[in-house]
Amino acid sequence: MPTETRGFITILTGLYPFQDCIHFLAAVRKFHQEPIIILIDRVPPVLYPLLKAFKNVILKPVPTNENTVLASRQAKLALYDASEFDRTIYLDSDICLLSDINDVFEYMDEYDFLLTEDVQPSIAKATNLLRGKQEELLPHVLPILQSVGLPLQADSVQYNGGFIAFRKAEINKVFFDKFQYYFEIVKNNQDKLLLKDQGAFASAIASVRPHMKILPPTYNYLSKWQDAYNVEDEIKVLHCTYPYRPQYAKNITRSLYTRIFDRLAKVFLPNQVTNPWRTK
């Protein structure tokens, strides 16, 4: 029986996260040699060689959109079709590996889908998905999400879509089809909902119920919310959520190449913190 192929995939839409992506590639390459697919949009081709400087990087264009945040959401919906591998680990490009994660590939011997819960896992408390003042919205989160057609209940879980591992399996194809279906609902209700994918993702999980494993937060440790964790095990995956950037994990990604790049980035790249699409 031939060995199943495996690889990584990430998303790069626009120039704001370009520096993040360089450090993401450096971190993955420190521990892994599997292919890395980058779903890319609104990045000038003249900059492609900076990404391809890391071995075995595959660039795949995705449908363009002026709103780079929406483009990244739409690219995430396409992960299953875009992957060329039997076993795929998707990571946001603002993630920095702190160790190898070969065990995640190996878990797919048994599970079709692996992911982590969000720092705030209760959908009923997920005011981060709604427009308006969060303190006023708290009692109304679930009714609003249900009112637009999302099949969520009081015990539904909010997952963090920055880390997803999946096999090429029919149930996962169905999952991503449902993910796209429910994201269209989110996109069509922008008067009530922010342009985020967690609600659609949770809805697809609730509808399809793939055979999945929930990994501990050490596999998706959001540095912005470090005070919310109580972890004792080694952190494997550092998620350097806005505005905490992965290029600060220099003990992992520091090299002559990244040091030169970081100096040049101050001149020719926009600052991720000032990305105007994050407020729309």
Side-chain angles (χ1 to χ4, degrees), residues 4-9 11 72-92 101 103-130 141-189 192-222 236-237 239:
E4 291 191 334
T5 58
R6 61 191 207 177
F8 293 88
I9 192 165
I11 294 169
S72 70
R73 306 285 189 258
Q74 293 174 329
K76 189 173 288 188
L77 302 175
L79 288 177
Y80 186 88
D81 291 333
S83 174
E84 302 176 1
F85 317 119
D86 298 312
R87 304 183 183 200
T88 302
I89 297 177
Y90 165 78
L91 300 169
D92 279 356
I101 50 173
D103 53 343
V104 176
F105 286 119
E106 292 163 3
Y107 285 139
M108 284 184 261
D109 287 344
E110 181 179 357
Y111 298 95
D112 294 318
F113 209 85
L114 297 100
L115 67 171
T116 63
E117 292 184 351
D118 197 74
V119 174
Q120 169 48 267
S122 172
I123 280 289
K125 298 179 180 178
T127 56
N128 56 296
L129 304 182
L130 307 182
V141 174
L142 192 58
I144 291 173
L145 294 174
Q146 291 174 334
S147 72
V148 300
L150 298 181
L152 299 169
Q153 304 300 325
D155 61 351
S156 294
V157 175
Q158 179 176 208
Y159 301 96
N160 187 281
F163 177 106
I164 308 169
F166 59 90
R167 291 173 50 86
K168 281 287 185 179
E170 183 61 28
I171 194 167
N172 286 336
K173 185 179 188 308
V174 173
F175 167 81
F176 277 97
D177 288 343
K178 286 290 188 181
F179 186 16
Q180 182 164 2
Y181 172 80
Y182 290 122
F183 185 75
E184 285 299 311
I185 292 177
V186 172
K187 192 169 68 171
N188 293 334
N189 286 275
K192 299 177 181 178
L193 308 182
L194 292 170
L195 194 61
K196 296 187 176 183
D197 56 54
Q198 292 99 314
F201 193 88
S203 297
I205 291 287
S207 298
V208 179
R209 298 190 180 279
H211 182 46
M212 63 187 192
K213 179 177 179 63
I214 307 302
L215 294 169
T218 51
Y219 287 82
N220 193 0
Y221 186 90
L222 282 72
K236 288 176 170 284
V237 181
H239 196 160

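Hydrogens, waters and symmetry mates are skipped; everything else that's a heavy atom, side chains included, is used.
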Y80 and side-chain contact (heavy atoms from CB on, under 4.5 Å): which partner among T88, I164, N172, V174?
N172

No-hydrogen, no-angle side-chain donor-acceptor test under 3.5 Å, [X] and [Y]:
{"X": "Y219", "Y": "D103", "result": "yes"}
{"X": "H239", "Y": "N220", "result": "yes"}
{"X": "D109", "Y": "Y111", "result": "no"}

In terms of side-chain geometry, is the basic nitrogen of K173 or E170 positioned less than 4.0 Å from the acidic oxygen of its partner?
no

Quick one: closest heavy-atom pair of [X] and [Y], and the distance?
{"X": "L194", "Y": "V186", "result": "O-CG1, 3.6 Å"}
{"X": "K76", "Y": "G162", "result": "NZ-N, 4.2 Å"}
{"X": "D86", "Y": "E4", "result": "OD2-CA, 3.3 Å"}
{"X": "F183", "Y": "A200", "result": "N-CB, 3.4 Å"}
{"X": "R6", "Y": "F105", "result": "NH1-CB, 3.3 Å"}
{"X": "A206", "Y": "P151", "result": "CB-O, 4.0 Å"}

Below 4.5 Å, heavy atoms only, C-beta onward: do I101 and I89 meet side chain to side chain?
yes

Less than 4.5 Å apart, any side-chain heavy atom of Q74 and any of K187?
yes

Any cation-pi pair here, K168 with F85, using under 6.0 Å and within 45°?
no

Test side-chain contact (heavy atoms from CB on, under 4.5 Å) on Y181 and I185 and set out the steps.
CA-CA 7 Å; Y181 172 80; I185 292 177; 4.1 Å; yes

Nearest-0.5 Å distance, [atom1] of residue [X] to [atom2] of residue [Y]:
{"X": "L129", "Y": "L152", "atom1": "CG", "atom2": "CG", "answer": "9.0 Å"}
{"X": "K213", "Y": "M108", "atom1": "NZ", "atom2": "CE", "answer": "12.5 Å"}
{"X": "S122", "Y": "L142", "atom1": "OG", "atom2": "CG", "answer": "8.5 Å"}
{"X": "N128", "Y": "D118", "atom1": "CG", "atom2": "CG", "answer": "6.5 Å"}
{"X": "I123", "Y": "Y159", "atom1": "CD1", "atom2": "OH", "answer": "9.0 Å"}
{"X": "E117", "Y": "L215", "atom1": "CD", "atom2": "CG", "answer": "10.5 Å"}

M212 vs L115, test: side-chain contact (heavy atoms from CB on, under 4.5 Å). Steps then yes/no.
CA-CA 8 Å; M212 63 187 192; L115 67 171; 3.7 Å; yes

Do side-chain atoms of [X] reach the backbone of [Y] as a donor and acceptor pair under 3.5 angstrom?
{"X": "S207", "Y": "A204", "result": "no"}
{"X": "Q158", "Y": "Q120", "result": "yes"}
{"X": "S83", "Y": "L79", "result": "no"}

Does the pair L193 and L130 meet the rule for a side-chain contact (heavy atoms from CB on, under 4.5 Å), with working shown?
CA-CA 4 Å; L193 308 182; L130 307 182; 3.3 Å; yes

With F201, which of Y182, F176, F175 fulfils ring pair (Phe, Tyr, Trp, His ring centres under 6.0 Å)?
F175

In sequence, state the C-alpha distance, the side-chain angles, and the governing distance for I11 and Y90, and then conclude on side-chain contact (heavy atoms from CB on, under 4.5 Å).
CA-CA 9 Å; I11 294 169; Y90 165 78; 3.7 Å; yes

In terms of heavy-atom contacts, does NZ of K236 have more than 12 from other residues, nucleotides or ligands at under 6.0 Å?
yes

